[in-house]
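Inspection log for the structure reproduced underneath, given as structure tokens.
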Amino acid sequence: MKKRIANVLAAPQIGEQLQVAGWVRTRRDASGFSFIEVGDGSSLANIQVIADQTLANYGDEVKKLSVGCSVLVTGILQESPAKGQAVELRATEVQVLGWADPESYPLQKKQHSFEFLRNITHLRPRTNALGAVARVRSRLSYGVHTFFQDRGFIQVHTPIITTSDCEGAGEMFQVTTPSHASEVKVGEESGGEFFGRPAGLTVSGQLQAEVYAQALGNVYTFGPTFRAENSNTSRHLAEFWMVEPEMAFCDLEGNRHVAEEMLKYLVRLVLAECAEDLALFDRFIAKGLLARLQQVVDQEFAHITYTQAVEELLQSKQSFTYPVQWGIDLQSEHERYLTETIYQRPLIVTDYPAAIKPFYMRVSEDGRTVAAMDILVPGIGEIIGGSQREERYDVLLARMQQAGIEPSGYEWYLDLRRYGTVPHSGFGLGFERLVQFVTGMANIREVIPFPRTPGFAPC
RNA sequence: UCCUCGGUAGCUCAGCUGGUAGAGCAGGUGACUGUUAAUCACCCUGUCGGCGGUUCGAAUCCGUCCCGGGGAGCCA
């Protein structure tokens, strides 16, 4: 019976005859037999196969197995007499499915730089670290759905191709066909476009999620998002995944609590279910990771307003490259100082100046701030950005005009305020930043299977 | 896009102020061994990122272009 290695190791049955299929991680020869470590991606741990010289293909094939070869092993599970593993598979048959020429196979039995691995995007999931990232990412993704589904949220598939720019969210990739290609920018009128008007890849599903929130109550969208920014950092991608809940009848306070609850839920989830992989990250990638994650689960997130943040930064007497003063947008150095030095835990900052935030955020009673929130975490900086949305038609229209946005392209959005408008809130979680936070991976290009950055999209 | 550091063997990197390229790992061969990134011995490996310049002589100095890392801006 063919089994996944994770299942075999989780509940070993001594004496069981079984089959495993996977890739050779290393081969060590002893006198009269060989040790072959086989991994199938189901877990970080591999299974040790004992291949005796009595196997029919021992000399011809088994002794020539090298890193990366694929094999189908049939054998009997037995207790291992040596340290390092509890059980091992004594092979009765080793079938080689695919060879991997050791002269040219790029992966070795050692740590490679992530920079090098990026150039072999198609082979890097076979490494311990990238395999672990993939498993954690998958578990987190599933967790996002269970978190919201368990709370009655309805998933909405917001469009990938859109004709409305979510203003302030960055540059859009243009979508067109060769015959329709033109110099026209998104938002301008055009006669011959495929969609009748210029279209682009979505930079956020928020505006469309708002549509469904104002019909179904609590909704969320979780999908790919695209930004045509020429930004080259360890925290940005041209294509990334975003989790965006949108909640009707919900103010900033409620929004904040859902966001904190969600982050804690997801961290708790991987601590419980990805322990083996997280232990690898804790040991080799980011020392102290497990303790840090446990703290996130145990502690209340700190919460201050933007105005308080500015005061704290001024009182810190710290010298910053960008001087602090009420009205400025908080810079990376400020955010990091707040969350890493002053609070040393996740920090929620709310009530930012209206002038530096997008038109859809709700203007507060003081008239100069909006009901916005950012969640900052140590090591990453901003991981969540959200707000209560402006539900008052007149105020929204005024804010659009102030921002220089032509309301005619947003009639559908304004309609939501004309007909049965309700207070509502939502936020966006950069999924890759969450994976970074949880795994401790320093570069965002390592936490998405196929990273897209300016000048880089190999397959 | 800006700042900064870098590009030398398949990988990781050394090569001081210019004198004609090296170590570990990987790979190959052999030995040894219930091994754990096994160990030991021997062997193989290079347009020193591209182009141009200075010089008797450039991996090394100068110019320029390309590519990458880190940081910044923007954001998630």
Side-chain angles (χ1 to χ4, degrees), chain A residues 25-37 45-52 64 66-68 78-85 88 90 100-120 127-128 166-171 202-206 222 224-244 259 284 320-322 329-336 356-358 374-377 380-386 427-437 442-448 453-456:
Chain A
R25 306 305 295 267
T26 167
R27 189 196 87 233
R28 295 179 292 270
D29 296 328
S31 51
F33 66 101
S34 297
F35 299 97
I36 309 165
E37 269 193 54
N46 305 311
I47 196 163
Q48 177 164 282
V49 171
I50 308 298
D52 196 81
K64 290 177 185 155
S66 55
V67 183
Q78 62 181 31
E79 280 184 46
S80 178
K83 284 181 183 169
Q85 61 283 315
E88 59 192 24
R90 177 162 286 276
D101 178 14
E103 297 266 13
S104 60
Y105 188 63
L107 293 176
Q108 303 172 10
K109 288 184 288 191
K110 66 166 194 174
Q111 281 192 22
H112 291 281
S113 68
F114 290 122
E115 187 186 339
F116 167 68
L117 292 174
R118 243 172 260 153
N119 295 320
I120 46 168
T127 64
N128 286 339
C166 190
E167 195 63 35
E171 287 293 309
T202 184
V203 294
S204 164
Q206 180 202 316
F222 180 15
T225 308
F226 310 87
R227 304 272 167 97
E229 298 284 348
N230 185 16
S231 60
N232 227 311
T233 83
S234 56
R235 299 182 309 283
H236 291 86
L237 292 164
E239 176 181 298
F240 64 101
W241 287 64
M242 196 147 59
V243 179
E244 295 174 286
F284 295 111
F320 296 107
T321 311
Y322 293 84
D329 206 353
L330 296 181
Q331 306 295 309
S332 284
E333 56 173 347
H334 305 139
E335 295 181 343
R336 296 185 79 120
I356 57 170
K357 290 293 183 182
D374 281 355
I375 300 189
L376 313 175
V377 296
I380 308 283
E382 186 182 342
I383 194 169
I384 282 178
F427 61 85
L429 165 74
F431 187 62
E432 283 72 22
R433 290 193 183 168
L434 173 70
V435 182
Q436 269 191 284
F437 181 60
N443 197 310
I444 200 165
R445 293 163 189 146
E446 267 71 77
V447 300
I448 189 168
T453 51
F456 188 83

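A, B, ... follow the sequence lines: proteins, then strands. Residue 1 opens every chain.
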In B/S/- notation (B base, S sugar-phosphate only, - none; protein heavy atoms under 4.0 Å), nucleotides 7-12 of chain B written 5' to 3' is ---BBS
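The partner of B/rC16 cannot be assigned: no Watson-Crick or G-U wobble pair with both contacts below 3.5 Å exists in any strand. Here B/rG73 sits opposite no nucleotide as a Watson-Crick or G-U wobble pair (both hydrogen-bonding atom distances under 3.5 Å). Pair assignment for B/rU39 gives B/rA31, based on Watson-Crick or G-U wobble hydrogen-bonding distances that are each under 3.5 Å. Partner assigned to B/rG63 is B/rC51, using Watson-Crick or G-U wobble distances below 3.5 angstrom.
Distance noted for atom C1' between B/rA58 and B/rA21: 13 Å (whole Å). Nucleotides B/rU54 and B/rA14 have their C1' atoms positioned 27 Å apart, rounded to a whole Å. One C1' atom belongs to B/rA9, the other to B/rC43, and the distance between them is 15 Å to the nearest Å. A distance of about 38 Å separates the P atoms of B/rU36 and B/rG71, rounded to the whole Å. Of the P atoms belonging to B/rA72 and B/rG10, the separation is 35 Å, rounded to the nearest Å. Comparing the P positions of B/rG15 and B/rA26 gives an interatomic distance of 24 Å, to the nearest angstrom.
Taking the side chain of A/Asn230 as heavy atoms from C-beta on, and the options B/rG34, B/rU1, B/rA72, the nearest nucleotide is B/rU1. For A/Lys109, the side-chain atoms get nearest to B/rA38 when compared with the rest of B/rG69, B/rU35, B/rA38. The nucleotide whose nearest atom lies closest to any side-chain atom of A/Glu382 is, among B/rG34, B/rU36, B/rC75, B/rC75. Of the listed nucleotides (B/rG27, B/rG73, B/rG34), B/rG27 has the atom at the smallest distance from the side chain of A/Pro102. The side chain of A/Gln331 has B/rC74 as its nearest neighbour among B/rU35, B/rC74, B/rA38. Of the listed nucleotides (B/rG34, B/rC75, B/rG69), B/rG34 has the atom at the smallest distance from the side chain of A/Gln78. Here the side chain of A/Tyr322 is nearest to one of B/rA72, B/rC74, B/rG70, namely B/rA72. If you check B/rC75, B/rG70, B/rC74 against the side chain of A/Arg227, the one that comes closest is B/rC75. Of the candidates B/rU35, B/rG73, B/rG68, the closest approach to any side-chain atom of A/Phe35 belongs to B/rU35.
Within the 4.5 Å cutoff, the side chain of A/Gln78 has heavy atoms near those of the A/Glu88 side chain. The shortest distance between side-chain heavy atoms of A/Arg90 and A/Asp52 falls below 4.5 Å. By the 4.5 Å heavy-atom criterion applied to side chains, A/Val447 and A/Leu434 are not counted as neighbours. Residues A/Asn443 and A/Arg118 have side chains in contact (heavy-atom distance under 4.5 Å, counting atoms from C-beta outward). For the pair A/Asn46 and A/Gln48, the minimum side-chain heavy-atom distance is 4.5 Å or more.
For A/Phe240 against A/Glu432, the heavy-atom pair with the smallest separation is CB-OE1, 3.3 Å. The two residues A/Thr202 and A/Pro224 make their nearest non-hydrogen contact at CG2-O, 3.7 Å. Looking at every heavy atom in both residues, A/Leu237 comes nearest to A/Arg445 through CD2-CG, 4.2 Å.
One atom, CZ of A/Phe114, and another, P of B/rG68, lie 19 Å apart when rounded to the nearest Å. Spacing between atom CG of A/Leu330 and atom P of B/rG73 amounts to 11 Å, rounded to whole angstrom units. B/rG71 atom P lies 18 Å from atom CZ of A/Phe320, rounded to whole Å. Rounding to whole angstrom units, CD1 of residue A/Ile444 and C1' of B/rG70 are separated by 16 Å. If you measure from atom CD of A/Glu229 to atom C1' of B/rA72, you get 14 Å, rounded to the nearest angstrom. Atom pair A/Leu237:CG and B/rC74:C1' shows a separation of 14 Å (rounding to whole Å applied).
The phosphate of B/rG71 (OP1 or OP2) has a side-chain N or O of A/Ser234 nearer than 4.0 angstrom. A close approach under 4.0 Å does occur between a side-chain nitrogen or oxygen of A/Ser31 and OP1 or OP2 of B/rG34. Considering only side-chain N and O atoms, A/Arg445 lies nowhere under 4.0 angstrom from the phosphate OP1 or OP2 of B/rG68. Regarding contacts with the backbone of B/rA38, a side-chain N or O of A/Thr26 is found under 4.0 angstrom from either OP1 or OP2.
Counting only distance, with no hydrogens or angles, the side chain of A/Gln436 and the backbone of A/Ala442 share a donor-acceptor pair below 3.5 Å.
Among the protein residues, A/Arg235 comes within range of the nucleic acid bases, having at least one heavy atom under 4.0 Å from a base atom. Residue A/Phe431 is classed as having no contact, given no heavy-atom separation below 4.0 Å to the nucleic acid. Residue A/Ser80 is classed as a base contact, given a heavy-atom separation below 4.0 Å to a base. Using a 4.0 Å heavy-atom cutoff across all strands shown, A/Glu88 reaches at least one base atom of the nucleic acid. Using a 4.0 Å heavy-atom distance criterion, A/Asp29 is classed as a base contact. Residue contacts shown for A/Leu434 are absent, as no nucleic acid heavy atom lies under 4.0 Å away. Contact annotation for A/Asn232: base contact, defined as any heavy-atom pair under 4.0 Å involving a base atom.
Note on ring orientation: taking the six-membered ring where Trp is involved, the planes of A/Phe35 and A/Phe33 are perpendicular (angle over 60°, cut-offs 30° and 60°).
Toward the 5' end of RNA chain B, the nearer of the two residues A/Ile380 and A/Leu107, judged by each one's closest nucleotide, is A/Leu107.
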